[in-house]
Amino acid sequence: MNPAAWKGGPAILWFLRLALSGIFIYAGASKLRDPSAFAESIASYQLLPAVLIDPAALTLPPLEIFAGVLALIDGRLRRIGAFGLLTMLAVFLVALASAQSRGLSIDCGCFGADKFDALASTKNLWIALLRDAVLLVTAGGLYVASRRDVVEPR
Amino acid sequence: MENADAVHEIMQSPRPRALREGKRPGTGSDVIALLVLATGSLAVGVAINALRAKPLPWVYRSRVQAMETAVAQVADSASTPVANGDPAELPHEIRLEEFQDFVAAHKGLVLDARPAVFYRESHVPGALSLPRETFAEDYPRLRGTLESSKNRPIAIYCSGADCPDSQLLTDALTKLGYRHLLIYTSGWDEWSQTGLPQEGASLQP
């Protein structure tokens, strides 16, 4: 079969884009509901000093929503959105791995209060780590695809 | 017709030729764009925070620290003695059957320690909302009711076994001189999943 004749690529990319953006928009929105719980969650990782915890808790939910929305648009905006999702997932992976290696018994806080997270609310960071890794690979693929599309005119 | 063919060819090509031959922006430009996006997100986050009834402070304070401040405020405003060194009765944890009986027989006050938004949606029938996070504002509102039942049992619940709010609220009330405090540990998760009666806005037709 001639690979160039196969037309399923764009459909798969759109499926992955919608899934990843949907997850991020949901995650951002659920964190907006209870900002102090999200700040507590960031604090529980014991990675940031107290002066950075609340600014991070204020920045991340809108950033997740904006990056998720941008990744659904077109051209340069899509590429920036995909890069944002990729970067956040990489940062989250490092944070989760660090917490896991220190043996912290915490909720991942990925979706704000645990009641919005069906999978990783059991203080089992392995599930959150694995989920993050899968999403990271997806975001990487989408970022590479979005780079291919963006070309500035000379 | 040659012209039309050329137009057709351009329409069919995956990308306009000018773009195909153009230069791709580097990863550095993505980093800069993301920093701009993050700064914008911080601005939006700060703006949303300013509109909240209970905004986050600039510098993080843990729930325990915030609760200690709230208890001190509440105690100051009405010269309620803050219990000190007094051997407080340990809060007694209760299970569903005991809590169900407590609610049905109106054995005492039931307090919902979850954020008010969850209480408004649905709560245990007859429970009063005393959210842990707005304790300093809400305790004065309930002061009369609470102090008049200081010698009766008070049962407290939050969202479930993992939430710290019942314990923090119990600690605060203990400092304010309440003695007969019960924590329904499994909380709203168990109550709502067991199909027991509920009250709240989400249940209105």
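Letters A, B, ... are given to chains in the order of the sequence lines, protein chains preceding strands, and every chain is numbered from 1. All values below come from the heavy atoms of this structure, side chains included, with hydrogens, waters and symmetry mates left out.
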S.K.: So which part of B:Arg61 gets closer than 4.5 Å to some heavy atom of chain A, the side chain, the backbone, both or neither?
M.R.: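 For B:Arg61, backbone heavy atoms alone lie under 4.5 Å from chain A.
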
S.K.: Could you check B:Val59 against A:Asp54 for side-chain contact (heavy atoms from CB on, under 4.5 Å), going step by step and ending with a plain yes or no?
M.R.: CA-CA 6 Å; B:Val59 177; A:Asp54 282 3; 6.0 Å; no

S.K.: Which answer fits A:Pro61, side chain, backbone, both or neither, if we ask what part of it has an atom under 4.5 Å from a heavy atom of chain B?
M.R.: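 For A:Pro61, neither part sits under 4.5 Å from chain B.
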
S.K.: If I take atom OH from residue B:Tyr60 and atom CD1 from residue A:Ile42, how far apart are they, to the nearest 0.5 angstrom?
M.R.: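 The CD1 atom of A:Ile42 is 9.5 Å from OH of B:Tyr60, to the nearest 0.5 Å.
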
S.K.: Check whether more than 12 heavy atoms from other residues, nucleotides or ligands sit under 6.0 Å from atom CZ of B:Arg141, and answer yes or no.
M.R.: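 Yes.
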
S.K.: State, yes or no, whether a side-chain contact exists between B:Arg52 and A:Ser36 at a heavy-atom distance under 4.5 Å.
M.R.: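 SC-SC contact between B:Arg52 and A:Ser36 ruled out.
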
S.K.: Is chain B contacted by the side chain of A:Leu70, its backbone, both, or neither, given a heavy-atom distance below 4.5 Å?
M.R.: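 When you check distances to chain B, only side chain atoms of A:Leu70 fall under 4.5 Å.
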
S.K.: Salt bridge or not for A:Arg76 and B:Asp30, using N-O below 4.0 Å?
M.R.: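 Salt bridge between A:Arg76 and B:Asp30, a charged N being under 4.0 Å from a carboxylate O: yes.
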
S.K.: In terms of heavy-atom proximity below 4.5 Å to chain A, should B:Pro55 be classed as side chain, backbone, both, or neither?
M.R.: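 No part of it gets close to chain A.
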
S.K.: Between A:Arg79 and B:Ser29, what is the shortest heavy-atom contact and its length?
M.R.: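 That closest heavy-atom pairing would be NH2-OG, 4.3 Å.
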
S.K.: How far does CH2 of B:Trp58 sit from CG of A:Leu52, to the nearest 0.5 angstrom?
M.R.: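 B:Trp58 atom CH2 to A:Leu52 atom CG measures 12.0 Å (nearest 0.5 Å).
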
S.K.: Looking only at non-hydrogen atoms, find the nearest pair between B:Leu42 and A:Pro55 and report the distance.
M.R.: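 Nearest pair, atom of B:Leu42 first, then A:Pro55: CD1-O, 3.9 Å.
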
S.K.: What closest approach, in Å, do A:Thr59 and B:Ala38 show between heavy atoms, and which atom pair accounts for it?
M.R.: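 Answer, listing the atom of A:Thr59 first, then B:Ala38: CG2-O, 3.5 Å.
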
S.K.: As an exercise: rank A:Thr87, A:Leu32, A:Leu60 by heavy-atom pairs under 4.5 Å with chain B and give me the winner.
M.R.: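 Maximum pair count with chain B is reached by A:Leu32.
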
S.K.: Output the distance between atom CZ (A:Phe66) and atom CG (B:Leu34), rounded to the nearest 0.5 Å.
M.R.: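 Those atoms lie 13.0 Å apart.
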
S.K.: Work out which heavy atom in B:Leu56 is nearest to a heavy atom in A:Ala57; give both atom names and the distance.
M.R.: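 In terms of heavy atoms, the two residues are closest at CD1-CB, 4.1 Å.
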
S.K.: Given heavy-atom pairs under 4.5 angstrom as the criterion, report whether the side chain, backbone, both or neither of B:Thr39 touches chain A.
M.R.: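 For B:Thr39, neither part sits under 4.5 Å from chain A.
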
S.K.: To the closest 0.5 Å, what do you measure between OG1 (B:Thr27) and OH (A:Tyr143)?
M.R.: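 Interatomic distance, B:Thr27 OG1 to A:Tyr143 OH, rounded to 0.5 Å: 4.0 Å.
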
S.K.: I'd like to know if the side chain of A:Glu40 and the backbone of B:Arg63 have a donor-acceptor N/O pair within less than 3.5 Å.
M.R.: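 A pair under 3.5 Å: yes.
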
S.K.: State, to 0.1 Å, how close B:Ser41 and A:Pro62 come at their nearest heavy-atom pair, and which atoms those are.
M.R.: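 Heavy-atom minimum between the residues: O-CG, 3.6 Å.
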
